[in-house]
Every structure is written in structure tokens, then in C-alpha cells.
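Okay, structure first, notes after.
Atom set for the values below is all heavy atoms of this structure, side chains included, hydrogens, waters and symmetry mates excluded. Whatever order the structure lists them in is the order used to number ligands and atoms, beginning at 1.
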Amino acid sequence: MTERFAAIGVPVPLGRSFSYRVPPALEGVVPGARVLVSFGRRKILGIVIELRDEPPEGLDPSRIKDVEAVIDPEPVLPEELLRFLAELSAYYFAPVGEVLRLAVPAVERDRVKTLQKQGQLDGLGGVGPTVGGREVQFARATDAVEAPGSLRGQAQAILALLRAQGESQVSQLTKRHGNARSALKKLEGLGLVVLEKRRLERGSIFDDVPMPDAPPELNPEQRAAVTAIEAALRGEGEDKAFLLFGVTGSGKTEVYMHSIAAALEGERGAIVMVPEIALTPQLVGRFRARFGDAVAVLHSGLPEADRYAMWRKLRSGELRVAVGARSALFAPVADLGLIVVDEEHDSSFKQEEGVRYHARDMALLRAHRAGAVAVLGSATPSVESVVLSRRGKLRELRLPERATAAELPTVEIVDLRRHRKGPSGHRMLTMPLHRALEAVLEAGEQAIIFLNRRGFAPAVVCNGCGQVVSCRHCSVALTYHRRAGGRLRCHYCDFQMPLASDCPTCGKDELELEGLGTEKLESTIAEVFPQARVARLDRDVAAGAKSEKVLDRVRAGEIDVLVGTQMVTKGHDLPGVTLVGVVNADSALSMPDFRAAERGFQLLVQVAGRAGRHDKPGRVVIQTRDPQHPAVRYAAKHDVLGFLVYELRDREEVGYPPFRRLSLVRIDAVDEDRARQVAGRLASEARKRVEVSRHQVEVLGPAPAPIARLRNRYRFRVLLRGTSRGALRRVTAALVAIKDDIDKKVRVAIDVDPVSML
Ligand code: ADP
Ligand code: ZN
């Protein structure tokens, strides 16, 4: 009889899987099942990644341990997903156990925890949040009939209501009838009503089932796009992955929905990924209106138990469509046929902690391996995706015009060096912006004023010594927030302190607020235009789903001017908005990052896309000190292709992605010297390998990170840049192999294809 061996992913921070022997008694074990194995002196839970008939090479077969127990008769993960996860783990040099954790729901982990508590296991748990679970009480009328005249008041009213509508949530009844609970108790006692608890499966913001909608007639461009995607779903032709490049409001969402419908028709499931789902309930509502209860909406606000219930329904094929932010990449959708990535250029698809994966890149990989179709959509495609389409890896589908009659807004650039203070006396409200606001208010229309700095003043400077007041724990300027009594706050670590009258460095009484944040902008506009109803939308006033409340008020016409950060740029459809003002484009363009121009451009185009989406024409005013900046110039002309041509040439010249590849080695420690030493050591190890790799890889650094200190840790980095992917991987792998053994007090993280360079 041949012996069998299993490659098992275990939850330890080591990149590889481990080999165990499958004893004959456990020979029914399947890939994807969890098993109990001994690891060092512990017993831990792992997941079977692969089964083999041969012992792994280079291992003495007599030293391979046995799998001790099999926990699941069925795989916890479908094989397709499991293989994908293993590949993802290898690509990012991320421990396979940690990658598996991204896909195995917390409740499963919790069951493991229970076993652990019983002293049996030591395994995949560790980050599992507690199981919340929203149990909701329902009341239902029975067939019993009361004695005539025996009921009065609220009891009578509630019973009549329940008989009319069958059942109701108890909390709904208490809203209408203050004494509903005691009345219900009484009715229950009389056998007239039954009360029962049920588990609700959707988060509160998505509870309302939207009105079903009828799909509009597609226009010719949309039709052509859908036809191409449908053909791919049927397996016809060569193209399997698409870049849907359509201007804001061109009807991309409609194309996604038709494509999903086609996948469902072919009995296959779909994943839709959107950036920051809490900010896009409108979009989610559209999916639910079209597909009703076939859609699982995954978001972080969801109680753990609900998420688990959805996970199971996706796994079993009962639910066929998963909509969510980047983590939807790991949804166990059965018979995956389609992955849609909306706003594919958005940097929130990159996870910046733990396993640093890019959900858009990995969506292409998962779709490819699963034989599914991928659709990446954007009005401002990423440079990466554009290059993929030029290389024939993505087929481009274009929607060049808005789907409705609305024209793209006119854009006016205001040179801040020439226009000084407007009539209000405020430097950032120039004459043109002032006049534009005036006109909008007069016409009874609405405006969005965008500024990507929250707080009142982004910095406090001492006129005595010239020092900027910075965070005690980070090398970052503190932002002054006027609300809540006037405090200085760190936007990176949340450190706070009161604004003292004297400079913390030199003691002189010469501190001055510098710069402009949304809080100040809001109050300035309210002062200058007393007739206007002004509101603000940024992370300070509206975390997550609360932003929808503010946006609802804008839609209801209760707000004239909405001041906000990036939060106002996200795909919202606000029909009354005819003016978009960008207070300071330069602050978005001056980041120390090779993608600064690209991001700034995307931001400008997206925010401009909020203006004039319906019947009234829109207008955009962009204020800048650098009107010749390509991002500004091309955004003003809505010339996305023009910008891309410029940006591609620039990237190629300076040797940055997508023309070269990067691995960023991030090193940090409480002790500055130790961090610097490890960084130096890693850089020199890397340089040794570079010789071997015939200089296809460059080593830049070590250097302090742009934010040199964060949460009390000093940060350094070594950047590896390669012309050959293979050579870059080999050098990176060499560092991965030694990174954790140089100094245990120093943390080293590998960021493959980094997005944030901070
Ligand atoms: P995008 O996702 O490209 O920004 P949307 O899908 O949100 O665009 O479409 C913008 C608006 O146009 C929406 O109000 C949508 O209902 C409408 N729309 C989309 N396609 C059509 C169509 N073929 N006919 C009429 N209206 C459409
Ligand atoms: Zn800080």
C-alpha cells in the first residue's frame, strides 16, 4: 500500500507548509479539511493544502509525524479557494496559516477556541472576535380567538395589527405602542400570540429590502460590453479578463449587473468588490434591488454570526453573489463564474497590514485559476491595468459617454498665485470660487467643496523657534481640532493633547495655527454665506455608515454646501449638486510617492464627476498653485487617456511600476539603533544576492521611512527594484529566510508590489 502525505498549513508565522504522514485510519481526509497535528511540543490545528503519494523531498521519512485527527469530513474551504490561497501566500511571502485565516470565518475559529479551552488544541484561533449574533424577537398572531370584550387598549390594537399583517418585529411594535412588551406578554399568556426569536442575517444599514428595479434598455456601448462578457462566460473566444473603462456615470454598474445575471443564468456565482463598502450603500442597494436575496453583502459592521451564516450559504451555493470590500476576494462562492472589481484604481484594495495583498491583482489570479471571468471597472483606470490591457492581458471595453443625457461638467482652473483673497478676505476662497458659490446658492442648487485635510488647522507652528508641534509618539505634525474644546490630535496614532499657549520646544508664547482643514473651511463658508446651510463630511463627523445620513440630507435638499474630504468623492449620486470646488489641488499632489500624480488625478476626476450628473449642467473649480501640473491639466479636460500616456512615459523613464517591480522591506523597532542595524544588514544581504542575479535587481537604502517614527517605533526601509520578476523574487526570498532571526525585537515586513510608500 502506498503511503500518503499531506502538506499542511499551520498558523505559525513561517512562510511554508509542513509535511505530515496520513495514517491509514485517516485516509479519507480531503484537501481543505482541518486536522490536528503536533508541532514542536504543541498540538495545533492546520488545514490540509495538498495530498501526495510521495514523501516530500529532502526529508527523512522516518522523522515525518502523523496527522493525529481529522476535524472535518468535508473541506472547510472549496478546493479552488484553497489552491488560490496557497498561491497568494507564496506570492506575498506570507505565512500560509495567516493567509488561511483570511478565508476561514471567525466562528469556525471560535469553535476551535472552545476546543482549545478544553485543553485539547492550540491552533487557528487568536484573532477571533466574539460571536455577536443579532437575535430579533418576532410576534405572530395564532388562530385562537379571544373572549369577546376581554381585550382593551394596546393589547387589542396590537392583536388587530398582527392579524392584519401576519407578524411583526417586537421592536417595531414598541416604537408605535409604548407598552407593547407587557401587552404582548398578556396576549402570549392568553395563547393569542406567539413570540419567537430569530436570527437576522444582514447588518442594520442593509436591512431594508429595496424596491425591485427593472433594468434599463442598454445603450449600444453597454450592450457591446455585456455581449463580450457574456461570450467569455460561455467560454467563447480568448478573452477572459476585461477592463471596463467608462466615464463617471456611463453606466458601468448596469454592465456589472447584466454580467452577474448572465453568470447566474449559467448556474455560476459572482463576487463584486467595491472600495469601502460602508461608503457605498447606494451601490449595494442597487445590487439588492436587482438580485434581491441572492446577494450576500459582506462588510465589517456585520455581526460575526451573520457573517458566518452568509459564509455558509455562499459555501453551499444557496447564495450566489457576494458583494463586499477587498475581503470579498475570499468569499467561498461555489462555481465561481465572475469577479467584478469596481473602481479598480482605488488604493483601498491593497491591505496595508498583516498579509499585504492587493485584492485587485489577486482577483485576476483567482478568476484565472477558477476559469472565471474578471471585470475591472473604472472611470480612471490604474496605470497597472492600462499596461495589462496594452499587453493583451485585459481586453478593454469602453463607455465613452454618460448614460443619461447629462454632459460632463466644465472645469475652470484658478491659479492661487494670481488670485489672492476673494471678497470674503479668505485666501482659500478666491474670487472665482466665491462667485461660483454665490451663483449656486442664488439658483437654489448645491455645491460640494473638497479639501483633503480634516481638522481645523493641519499644523501649529511656533513663530519663536520655527518648530512645528509634533506628536509625542510619531514624527508627524499634530492637527488642531476646534471641536470638543480645541485639541491637538495625531492622525496616525490618535494621541491627543490640549493646545497650550506656549511652545513645547522653546516656551515662547508665539504659537500660530497654520493651514486650512475641513473644520475651518466649513465655518468660514458658513460665516461668509450666512444664508447657506453648510455641512461637513469627513471621518470626524461621520465614521463609516453614518456618512449616508449626511448624504441623505443633501439628497433631501436640506443642505446647500457640503464640505468634505475624500469621503465626498466616492461614487455618490447627488442630483442637486451642480458645483464642485477643489480648494487646494496641490495638497493631493505633493505626497512623497511615485503614485502621487496618478492618485491626485484620479481624485480630481472623481470629485469633478459629482457635478451635474442629472438635468442641470455642472461646473468644477480647481484651485492650485501649479496649474501646469499634468494631473491638473488633464483632469480639467477630462482627458484620462492623455494623462495615462503622460504618466506611463514618466514611470518608464524613472523606472517605477508597472515597468519595474518593487518589493519594499519595512523594518521597525522601538529602539532606533537596532532597527537601523537590521535594515543595514538586510540591505547588505540583498546586495550580495544582487551580484549573483547579474544586477537585475537594485537595492535602494537602507533609509528612514518618510514617516520616520510611528507609534513609538522607528521605521526604516530597504527598497528592492527589479527588471526581472524572477530575480527580484529570489532576492526577496533570501531576505524572507533570514528576516526574523536577526533581532527578535525588530519587526521586518515584506511588502510585495507596495502601494503606500509612507
Ligand atoms: P457608473 O457606474 O458608470 O458611474 P451608473 O451605472 O451609476 O454609472 O449609471 C449612471 C446613471 O445612469 C444611473 O442613474 C443609471 O441608472 C443610469 N443608467 C445607466 N445605464 C442606463 C441606460 N442604459 N439607460 C438609461 N439610464 C441608464
Ligand atoms: Zn502619533
Legend entry - Ligand-side contact atoms (ligand 1) for residue partner A403, heavy atom cut-off under 4.0 Å: 12 (O), 18 (N), 19 (C), 20 (N), 21 (C), 27 (C)
Inset, instruction - Might you point out which heavy atoms bring F349 and R326 nearest each other, and give the distance in Å? - result: O-CD, 3.8 Å
Inset, instruction - Indicate whether any N or O donor in one side chain lies under 3.5 Å from an N or O acceptor in the other, for Q602 and E598. - result: yes
Inset, instruction - Carefully, step by step, assess L488 and T479 under the rule side chain to side chain contact (heavy atoms under 4.5 Å, CB included). - result: CA-CA 5 Å; L488 293 172; T479 300; over 6 Å; no
Inset, instruction - State plainly whether the residues D239 and R395 are in salt-bridge range, i.e. N to O under 4.0 Å. - result: yes
Legend entry - Atoms of ligand 1 close to S250 [distance to a heavy atom under 4.0 angstrom, numbered from 1]: 1 (P), 3 (O), 8 (O)
Inset, instruction - Please identify which atoms of ligand 1 are closer than 4.0 Å to at least one heavy atom of N219. - result: 23 (N)
Legend entry - Heavy-atom nearest neighbour in the protein, as seen from atom 17 (C) of ligand 1, with distance rounded to 0.1 Å: T404 CG2, 4.1 Å
Legend entry - P216 N/O under 3.5 Å from ligand 1 N/O: no
Inset, instruction - Say whether, by atom type as modelled, one donor and one acceptor occur between the side chain of D538 and the main chain of V541 under 3.5 angstrom. - result: yes
Legend entry - Min heavy-atom dist G246 to ligand 1 below 4.0 Å: no
Legend entry - Atoms in ligand 1 flagged as close to E217, the criterion being non-hydrogen separation under 4.0 Å: 22 (C), 23 (N), 24 (N)
Legend entry - ligand 1 N/O within reach of T248 N/O, cut-off under 3.5 Å: no
Legend entry - Nearest non-hydrogen protein atom, atom 20 (N) of ligand 1: Q222 NE2, 3.0 Å
Inset, instruction - Decide, yes or no, whether a salt bridge links D346 with R360 under the criterion of side-chain N to carboxylate O below 4.0 Å. - result: no
Inset, instruction - Report the nearest protein non-hydrogen atom to atom 10 (C) of ligand 1: residue, atom name, distance rounded to 0.1 Å. - result: G249 O, 3.6 Å
Legend entry - Side chain, backbone, both or neither: L218 near ligand 1, heavy atoms under 4.0 Å: backbone
Legend entry - Protein contact of atom 14 (O) of ligand 1 - nearest heavy atom, named by residue and atom, plus distance: D573 OD2, 4.1 Å
Legend entry - Polar contact flag, side-chain donor to acceptor under 3.5 angstrom, Q606-T380: yes
Inset, instruction - Anything protein N, O or S sitting under 2.8 Å from the Zn ion (ligand 2): count it and give me the total. - result: 4
Legend entry - Validation row, ring centre F456 to ring centre H481 under 6.0 Å: no
Legend entry - Option set R223, R286, K252, M257, criterion heavy-atom distance to atom 16 (O) of ligand 1, minimum: R286
Inset, instruction - For E401 and S250, indicate whether the former's side chain and the latter's backbone hold a donor-acceptor pair under 3.5 Å. - result: no
Inset, instruction - Report the distance from atom CG of L511 to atom OH of Y480, rounding to the nearest 0.5 Å. - result: 11.5 Å
Legend entry - Protein contact to atom 2 (O) of ligand 1 [nearest heavy atom, distance to 0.1 Å]: T253 OG1, 2.8 Å
Inset, instruction - Check the angle between the aromatic planes of F291 and F287 and answer parallel, tilted or perpendicular using the 30° and 60° thresholds. - result: parallel
Inset, instruction - Identify the protein heavy atom lying closest to atom 8 (O) of ligand 1, giving its residue, its atom name and the separation to 0.1 Å. - result: G251 N, 3.0 Å
Inset, instruction - Give a yes or no answer on whether the side chain of K252 reaches the backbone of V247 with a donor-acceptor pair at less than 3.5 Å. - result: yes
Legend entry - Side chains of D671 and Y714, donor plus acceptor under 3.5 Å: no
